[in-house]
Structures are given as C-alpha cells and as structure tokens.
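Since the model is a prediction, treat every value here as computed from it, not as a measurement.
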Amino acid sequence: MTENVSEAAEAEAPPLLVTRDGHVAIFTLNRPERRNAINRAMRKALKKELWKADGDDDVRVVVVTGAGSAFSSGVDLPEALSGPPPRTEGPTPTQVMRGISKPVIAAVNGPCYTGGFEFAVNCSFIVASDRAEFADTHAQIGLLNGWGGSALLPRMVGTPWAIQIALSGLPVDGETAARIGLANEVVPHDRLLDRTLEIAHAIAKGHPGAVQRMLRLLKEGAGSSVAHALGLEAEASATWRSDGADVGARFGKRRAEKND
C-alpha cells in the first residue's frame with residue numbers, strides 16, 4: 001500500500017523543479033524516491049529547461065542539484081531496458097548542456113552514480129558536499145559511456161584516475177574528488193547550496209557577453225594544443241568590442257565593493 005502511494009505521488013510530481021535566485025536558475029532533480037534516477041520525463045525536462053535558460057538573457061548561470069539524499073543514481077535502468085533506448089530520444093541532456101552558452105554548476109549533494117556521474121562531469125564544474133560520493137559503474141554492468149564521460153573524465157582527473165574510476169566502479173568520496181580535480185571544492189553538507197550560489201552569483205555579476213565568450217574560449221581550448229588555444233584567444237580578442245564606459249563603471253564598482 002505504501003509503495004503504491006509513493007508511486008502515485010511520484011507520478012504527480014514534476015521530475016525537475018526549476019526555481020530562480022536572481023540571475024541564477026536552480027534545477028533540482030526531483031525523483032527522491034528513486035534516488036533521482038534519470039528517466040525519460042526527466043531527460044526531456046532537462047533538455048527543455050537548458051534550452052530555455054540558454055535563450056533567457058535574465059538567466060546567467062544554472063545550478064543543478066538533487067532532491068533528497070542523492071544527486072542521482074544514474075539513468076532509470078528498469079525503464080530504459082523495458083522500452084525504447086534513450087538514444088532514440090534525439091540529443092542527450094549532456095549534448096544540450098555542452099552546447100549552451102551559460103555555465104552550469106553541479107551542486108552534488110550525495111551519491112552521484114553512472115549516468116548521474118556523467119551528467120555532473122559534463123557540467124562546467126562541480127561543488128561537492130562532504131556527503132557526496134562519485135562512481136561510474138557502466139563497465140561493471142556491461143555498458144559503455146554514452147554521455148561524454150570517457151572523453152571528459154580524463155581531462156578532469158588525468159588518465160590513470162579516469163581508468164580507475166571508470167573500470168573499477170568503486171566510489172570516490174568528496175574529499176578525494178576535490179583532491180584529484182573532479183570537484184572544485186568540497187564543503188559541509190548544510191553549506192552546499194549556499195556556497196554554490198555564492199559562486200554562481202559572483203559569475204552572474206560579470207559582464208554577460210564576456211562571461212559567455214570566455215566560457216566558450218575555455219571549452220574550445222580545453223584539450224587542444226597551446227598554439228591552437230592561443231589562436232582562439234587571439235581571434236576572440238580581435239573581434240570582441242568593449243564598451244569603455246561600461247568597463248570603467250564595472251571596475252569602479254568592484255573596487256568600491258572590495259574597499260567596503
């Protein structure tokens with residue numbers, strides 16, 4: 001009886017909650033009864049809301065976290081095995097995320113496994129709770145990465161750590177994640193969202209066009225040769241048009257804030 005009630009409640013609840021905090025959009029994966037397993041409805045909602053955020057000039061940063069005690073246990077495997085495979089759904093959520101112009105920060109609040117792990121790795125960066133736990137179990141259960149994990153993970157943590165994580169399926173805690181470069185920071189659990197929003201708002205205060213162009217430069221230059229990355233920077237500098245008055249005003253405001 002309790003299970004049926006829980007299933008009914010889950011069916012009524014949106015798989016993704018979207019709230020706003022100023023210029024920051026907060027996406028909350030919302031299937032806590034299933035440890036936020038990513039089902040078709042959630043994938044569709046993620047893509048829709050990422051595209052929507054990208055087209056909204058008032059949204060400058062996206063933060064993604066999980067409801068309940070987990071970030072995400074990964075793709076809802078029972079659903080995926082019983083119906084059309086996710087590859088029939090068009091672009092993946094991570095392909096959409098890599099293509100948008102706004103930074104996306106993962107606030108990892110708990111277990112972050114397999115498909116959820118791949119999703120987090122595709123974010124611009126990760127802030128982890130001290131309750132976070134990262135694991136990639138694809139190879140352990142006979143699957144391969146399909147959301148960019150095998151391409152991006154070695155660039156974050158280096159090849160040896162990527163091999164250990166991807167092949168062993170063993171979990172990595174938040175402190176280790178921060179030490180090896182998987183997460184930028186690990187913070188006390190009750191400060192996770194506050195700290196993530198603090199960083200997000202610092203980004204959002206920047207010049208929107210410059211932030212988006214710098215993000216594109218950093219993403220396009222990552223993994224390329226230094227010569228190629230320098231060429232991208234030179235091209236961007238040659239075509240970027242600054243507003244002197246705006247630059248001066250922003251500089252003055254930052255100096256005033258620093259001196260307060």
Side-chain angles (χ1 to χ4, degrees), residues 16 18-28 46-65 91-108 119-128 148 151-152 155-156 178 181-185 187 191-224 226 228-260:
L16 184 71
V18 180
T19 56
R20 287 284 294 276
D21 187 357
H23 292 300
V24 180
I26 304 169
F27 293 2
T28 303
L46 279 166
K47 292 190 288 185
K48 175 184 175 182
E49 294 299 336
L50 285 167
W51 277 319
K52 187 176 177 181
D54 195 39
D56 186 346
D57 291 339
D58 200 45
V59 174
R60 299 183 184 177
V61 183
V62 176
V63 168
V64 184
T65 193
T92 67
T94 55
Q95 286 173 325
V96 173
M97 183 162 55
R98 291 196 299 271
I100 71 171
S101 61
K102 314 289 175 74
V104 181
I105 308 171
V108 178
F119 185 87
V121 165
N122 275 269
C123 291
S124 303
F125 58 90
I126 296 168
V127 180
L152 297 177
R155 288 166 168 79
M156 295 177 75
L182 178 58
N184 281 16
E185 299 182 23
V187 300
R191 290 206 61 243
L192 175 65
L193 198 55
D194 287 344
R195 175 56 180 159
T196 306
L197 288 173
E198 180 183 356
I199 299 168
H201 284 299
I203 295 171
K205 285 170 64 177
H207 184 286
V211 168
Q212 291 178 33
R213 192 68 183 90
M214 280 293 295
L215 177 65
R216 179 178 161 192
L217 263 180
L218 292 165
K219 290 198 296 187
E220 290 181 350
S224 68
V226 173
H228 180 67
L230 287 171
L232 293 174
E233 184 180 283
E235 179 185 7
S237 296
T239 57
W240 178 256
R241 295 291 178 266
S242 299
D243 181 332
D246 183 57
V247 171
R250 286 177 175 275
F251 175 76
K253 184 177 179 180
R254 284 187 61 86
R255 185 166 59 181
E257 289 173 350
K258 184 178 180 180
N259 292 333
D260 282 347

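Taking a 6.0 Å sphere around CE of Met214, one finds it holds 12 or fewer heavy atoms contributed by other residues, nucleotides or ligands. No more than 12 heavy atoms of other residues, nucleotides or ligands shown are found within 6.0 angstrom of NZ on Lys48.
In this structure, Glu233 CD and Arg213 CZ are separated by 10.5 Å, a value rounded to the nearest 0.5 Å. Atoms OG and CE, on Ser124 and Met97 in that order, are 8.0 Å from each other to the nearest 0.5 Å. Remark: Ile126 CD1 to Phe119 CZ distance equals 10.5 Å, nearest 0.5 Å. Atom OG1 of Thr196 and atom CZ of Arg191 lie 9.5 Å apart (nearest 0.5 Å). Between the CZ atom of Arg98 and the CG atom of Asn122 there is a distance of 5.0 Å, given to the nearest 0.5 Å. Atoms CG and CG, from Leu197 and Leu192 in turn, are 9.0 Å apart once rounded to the nearest 0.5 Å.
Residues Asp58 and Arg20 form a side-chain contact, since some pair of their non-hydrogen atoms from C-beta on lies under 4.5 Å apart. You'll find the side chain of Leu182 reaches within 4.5 Å of the side chain of Val121, heavy atoms only. Using a 4.5 Å cut-off on side-chain heavy atoms (C-beta onward), Glu198 and Arg195 make contact. Counting heavy atoms from C-beta outward, His201 and Val24 have side chains that approach closer than 4.5 Å. Put simply, the side chain of Val104 does not reach to within 4.5 Å of the side chain of Phe27, judged on heavy atoms. Leu16 is listed as a side-chain neighbour of Glu49, based on a closest heavy-atom distance under 4.5 Å. Looking at heavy atoms from C-beta onward, Val63 lies out of side-chain contact with Asp21 at the 4.5 angstrom threshold.
Under a 3.5 Å cut-off, the side chain of Lys47 and the backbone N or O of Pro91 do form a donor-acceptor pair. Proximity of a side-chain donor or acceptor of Thr65 to a complementary backbone N or O of Thr28 within less than 3.5 Å is not detected.
Of all heavy-atom pairs spanning Pro103 and Arg60, the tightest one is CD-O, 3.4 Å. Between Ala178 and Glu185 the shortest heavy-atom distance is CB-C, 4.3 Å. Between Ala25 and Val59 the shortest heavy-atom distance is CB-CG1, 3.9 Å. Residues Pro93 and Leu50 come closest through the heavy atom pair O-CD1, 3.8 Å. Of all the heavy atoms in Leu215 and Ser101, the pair that sits closest is CD2-O, 3.5 Å. Shown here for Ala183 and Ala128, the closest heavy-atom pair between the two residues is CB-CB, 4.0 Å.
For the side-chain contact (heavy atoms from CB on, under 4.5 Å) with Val96, the qualifying choice from Thr92, Ile100, Thr94 is Ile100, the only one to do so.
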